[in-house]
Structure formats: structure tokens, C-alpha cells
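Below is one structure, written out as C-alpha cells; comments come after it.
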Number of protein chains: 2
Amino acid sequence: MDISVLHNSILFKGFDDTEISELLKALNAAEKKYNKGAMIFSSGEITDKLCFVTAGSVTVESNDMWGNRTILNLVGKGQFFAESYALLPDVPMLVDVCAAEDCTIVFLSMKSLVNLNDMIRSRLLANLLTITTRKNLHLSSRSFHTAPRQVRGRIMAYLNTVSVQKHSREFDIPFDRQQLADYLNVERSVLSNELSKMQKDGLIRCRKNHFEII
Amino acid sequence: MDISVLHNSILFKGFDDTEISELLKALNAAEKKYNKGAMIFSSGEITDKLCFVTAGSVTVESNDMWGNRTILNLVGKGQFFAESYALLPDVPMLVDVCAAEDCTIVFLSMKSLVNLNDMIRSRLLANLLTITTRKNLHLSSRSFHTAPRQVRGRIMAYLNTVSVQKHSREFDIPFDRQQLADYLNVERSVLSNELSKMQKDGLIRCRKNHFEII
DNA sequence: GAAAGTATGTTGTAATTACAACATTTTGGG
DNA sequence: CCCAAAATGTTGTAATTACAACATACTTTC
């Protein structure tokens, strides 16, 4: 198991190597590999597992009965997912989680939190609070990205956020066209078309997933 | 100050009256009244205040420069807001918070958490974790309500969620037409029109904010 | 490096939504 | 009870998007 990625995670911030090893054991840490496209969780499932991405990436998404996909979040290496469901273990998942690329996930049992001693547990809970709080901001961000009524507005809202995060007018995005379309809740073809127009209008330049705001 | 509402809140779950009184003092609890329409927080502000609604309700919303409003959440009596920003005190707010009706808010300083003794603080943090986790599910819910591309789909997604929550096919919603439109990210007139059609099609019945799914 | 498969770009049409303008209903004071 | 103001409903038109169908470009594999 790749302990170095876990070591640098928010969850184990402030814990030393020995403590982390013990915690991994206490929380029944289990690692599993998935191929691109594999489904890790399906809507309706119940889980108490806090999930950590040690390699690759996954999408948290909603798929309706007509095959329309909405991507809520892309979770990359070093980040967590399913924390809300893990901490509220009677709530069935509202989302699917799929491997966006080949990936490796470490599952941690939150049911086992009760077995930890008070001191360790409260340090862990404090870190979990940071994780959920940041996740809140992430979910809010997506709301702003999908708030504009028009496609161009959504694209600009998203690109501006990424630009600010990366402190640069030039950056890569983690989505391919279909994923970006599903994240912004628009048609892929309409997205491609609008990106072309925005380049003609001199607003942006882009090639594949590399973007520049002008 | 209306201590009974606070007493039943998630934040103070497990605390007795004496402890709550001490905590309110330690967290510099301050109460303030707002008239309908008043702005409680503006986008860009920084705060360390956890906010609790003791009367009335507020909307967490985003207002763009063209006057378009997007409602992310309606926070009613007995619920909290701004918890993410209170806990990440260097992050400027991405949203506005407005009084949806005349309301009363209690502000609790999260900066003061460090002054509490370890035991009390960790109990409080555990409760805060519940608050943020539930808020996560709320934000996810809205994503599902706005995921359908068409207005009718959004309305049904929202009404179904409320129906499930209230365990009944007949229920009141907390939004008026304009608020519901801004929550679902559609035009008010288009929403009204679609609701009429849905009634003609025998899908629902509604009058003001009372709905019935058929 | 050719072929097959996947991702992205382009275009046209049908369907839907945005927006404005106005009609009707409801609400809250006087 | 009446009036003014606010909320909700209705309608038509312009603008935008969804969807399908196809073209082009890029990748992967043999």
C-alpha cells in the first residue's frame, strides 16, 4: 500500500508514521484497483467507507434513466470521496462513483471510529471536519459554474475558477470535452462549438485540455 | 435570546443547559434581527461566525452582475449557515446571504473555539461535523434538482425529493414562485407556465406553495 | 505505419428557453 | 371594503440549446 500519499493527506495531518500505521489497521484499510470506467459505488448503496484516491481519479456523478450524466466532482490522487455517506451510514448514496482512469482506492471503515481512544478519535474528527468543509466549498463552486444560463457563461465561470486556483492565465483542466460538458450540464457538441466561437472571438485559446484566458 | 431553539439544535446535542449557557458566552453569542430582503453577508466577505436561524429564514444565493439570482439553499428556523466559511476563516464567501423573511440570527465565533477545553471542544467539533456533512447532502440534492435539462424534469426532481422527505404526496414547499425559479435555475414565467401544463397533464396539483403529486 | 477505435469539431433542424409585455389573482394596509 | 402593491399566470417572439448526423483529428494496437 502506498503509505506516502496517505501520509500527506488531510486526514492524517498531525499524525506520525506509527500512528498512521496503527490507524490504518484499526480502520480496516483495504486497497483496491479499478480499471477506467469501472463503477466503484452505485446510487442507492449504503457504505461506511471513507475512500481515498492513491492513484488515478474518479468521478462522482449522477446518471438518469435516459443516460444523461451529470458530473458533480472529479476526485484526484490524494483526495477523499464518499465522506458524507461514510459519516451518515444510514443514508443511501445519491450518486454513482466511477473510475475516470485506472485508479487505486483505499477504503477506511468509519464504523470502526468508535473503537479508537478519545484523543486519537477527536484528532481524526477534526481532520474529517476539514475534509467535509472543503468539500462543501467544492460543491458550491460547481453551483456557480452551472449558474449562468448560457454555455459561454458557464465555461468562463469554470475557467476563471481554475485560473485563480492555479495563479495563472494558462493551465490544464482535468476534464476531457465530454466530462467538462457533463460537469457544466451542457451538450458536448454545443460545448465544442462554443469553445470554437470563443477562440474566434479572442477570449481564450485552447488545445485539448490546455487553456489560456486572453 | 431564544435559548430553546438553540437547545434543540444539532450543534448543542448532548450538552446540558448549563454547558450551553457557558458555551454561548465563550463563543460570544450575539443575536441580531433582519428585515425581509436585508443582506446578512455579501460575497467576498470574510467571517468566522457560525450562524444560527432562531426565527424566520434566509436564502444562500449567488447574484451575478446582470441581476440573475441563483438560490443554493434556503435555511430555516433551527438550522445553521456559513459554517464552511466560519471554519475556514481565510476563505472569502462566494455567496450572498439574504433574509427571505423577517428573521433573527445568532452569531457564534468559531475563532473562540481554541479557548475551550479539549473535551468540550471535541464534542462540539463532532457536532459540527454532522452539520457540515448534512449540508453536503443538501448541496448534492440541489445538483440533482438542477441536473435535468428541461424545466419539467427539474420541477419533478425537486418535488419528488420534498415528497420523500415529508412522507406524503401532498406537502408545502418553502419557496414562492420566484424563489423556486431561482433555485431550479429557470425563468419564473417559464416555471409558472410549466406548472400550469403539468396540472393540465394531470401530473400534479398545486395552489400557491401547496403541492400534490398525482 | 495502417487500421480501428476514440475523441473532438461542425452543421442544420426541431425543440426549448429567455425575455418582455401584459393579464389576473392575491395580499396587506388604510 | 377598497386600493395599491406584490405575486402569479399567460402569451408571443427572439435567442439558445438539444440532438442527430457526419467530418476531422488524434491514439492505440497490431
Side-chain angles (χ1 to χ4, degrees), chain A residues 35-37 59 64-71 74 98-102 145-157 172-201 203-211, chain B residues 35-37 59 64-71 74 98-102 145-157 172-201 203-211:
Chain A
N35 291 324
K36 176 174 178 174
T59 51
D64 71 19
M65 61 185 109
W66 296 279
N68 298 309
R69 175 172 74 159
T70 300
I71 294 182
L74 189 147
C98 298
E101 334 167 63
D102 292 351
H145 301 152
T146 57
R149 300 294 167 79
Q150 283 152 22
V151 174
R152 182 173 294 202
R154 296 189 186 194
I155 295 169
M156 285 312 292
D172 290 340
I173 66 170
F175 294 123
D176 64 29
R177 290 290 180 276
Q178 184 65 60
Q179 290 172 328
L180 182 57
D182 291 341
Y183 176 81
L184 297 178
N185 239 258
V186 299
E187 272 293 311
R188 182 198 59 77
S189 63
V190 174
L191 171 66
S192 274
N193 194 238
E194 193 61 39
L195 285 173
S196 295
K197 288 184 193 159
M198 290 168 75
Q199 292 195 77
K200 280 177 197 148
D201 293 351
L203 282 172
I204 62 168
R205 296 206 305 172
C206 68
R207 181 183 157 74
K208 298 229 29 168
N209 62 342
H210 186 81
F211 284 75
Chain B
N35 292 324
K36 177 173 177 174
T59 52
D64 71 21
M65 60 185 110
W66 297 279
N68 298 309
R69 177 172 73 159
T70 301
I71 295 182
L74 190 148
C98 297
E101 334 166 64
D102 293 350
H145 301 152
T146 57
R149 300 293 167 80
Q150 284 153 20
V151 174
R152 181 172 294 202
R154 295 188 187 195
I155 295 170
M156 285 311 293
D172 290 340
I173 66 171
F175 294 123
D176 64 28
R177 290 288 180 276
Q178 184 66 60
Q179 290 172 326
L180 182 58
D182 291 342
Y183 176 81
L184 295 178
N185 240 265
V186 300
E187 273 293 312
R188 182 198 59 77
S189 63
V190 174
L191 171 65
S192 274
N193 194 237
E194 193 63 37
L195 285 173
S196 296
K197 287 184 195 160
M198 290 168 76
Q199 293 194 76
K200 280 177 197 147
D201 293 351
L203 282 172
I204 61 168
R205 296 205 306 173
C206 68
R207 181 184 156 73
K208 300 230 30 169
N209 64 341
H210 186 81
F211 285 76

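To find a chain, count down the sequence lines: A is the first, B the second, and so on, and within it residues start at 1. Values reported hereafter were calculated over all heavy atoms of this structure, with side chains retained and with hydrogens, waters and symmetry mates removed.
Ranking C:dT10, C:dT17, C:dA20 by closeness to the B:Ser189 side chain, first place goes to C:dA20. When each of C:dG9, C:dA18, D:dT17 is scored by its nearest atom to the side-chain atoms of A:Arg188, the top-ranked nucleotide is C:dG9. Ranking D:dG9, C:dG9, D:dT17 by closeness to the A:Gln150 side chain, first place goes to D:dT17.
The phosphate of C:dT10 has OP1 or OP2 within less than 4.0 Å of a side-chain N or O from A:Ser196. Dashed line: the shortest gap from a side-chain N or O of B:Arg177 to OP1 or OP2 of D:dG9 is under 4.0 Å.
When atom types are taken as modelled, the side chain of A:Asp102 and the backbone of A:Lys36 share a donor-acceptor pair closer than 3.5 angstrom. Under the 3.5 Å distance criterion, the side-chain polar atoms of A:Gln178 are left unmatched by any main-chain donor or acceptor of A:Arg188. In this structure a side-chain-to-backbone donor-acceptor pair under 3.5 Å is missing from B:Asp201 to B:Leu203.
For A:Leu191 and C:dG9, the CG to P distance is 8 Å, given to the nearest whole Å. Across the protein-nucleic acid pair, A:Asn68 atom CG and D:dT17 atom P stand 17 Å apart, rounded to whole Å. The CH2 atom of B:Trp66 sits 18 Å away from the P atom of D:dA15 (whole-angstrom rounding). Separating the CG atom of A:Leu195 from the P atom of D:dA25 is a distance of 17 Å, rounded to the nearest angstrom. As rounded to whole Å, 17 Å separates atom P of C:dC22 from atom CD of B:Glu187. Rounded to a whole Å, the CG atom of B:Asp182 is 15 Å from the C1' atom of C:dT17. A straight line from CD of B:Gln178 to P of D:dA6 spans 14 Å, rounded to a whole angstrom. Separating the CD atom of B:Glu194 from the C1' atom of D:dT10 is a distance of 14 Å, rounded to the nearest angstrom.
Here the side chains of A:Arg154 and A:Leu191 are not in contact, with every heavy-atom distance at 4.5 Å or above. Side-chain contact between A:Gln179 and A:Asn209: absent, with no pair of heavy atoms (C-beta onward) separated by less than 4.5 Å. Side-chain contact between A:Glu194 and A:Val186 is absent, with no heavy-atom pair separated by less than 4.5 Å. With a 4.5 Å cut-off on side-chain heavy atoms, B:Met156 and B:Ile204 count as touching.
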N/O to N/O distances under 3.5 Å, protein versus nucleotides 24-30 of chain C:
{"residue": "C:dT26", "atom": "OP1", "partner": "B:Arg207", "partner atom": "NH1", "Å": "3.3"}

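Between A:Val190 and A:Arg149, it is A:Val190 whose nearest contact on DNA chain C lies nearer the 5' terminus. Toward the 5' end of DNA chain C, the nearer of the two residues B:Val186 and A:Lys36, judged by each one's closest nucleotide, is A:Lys36.
Among the protein residues, A:Asn193 comes within range of the nucleic acid bases, having at least one heavy atom under 4.0 Å from a base atom.
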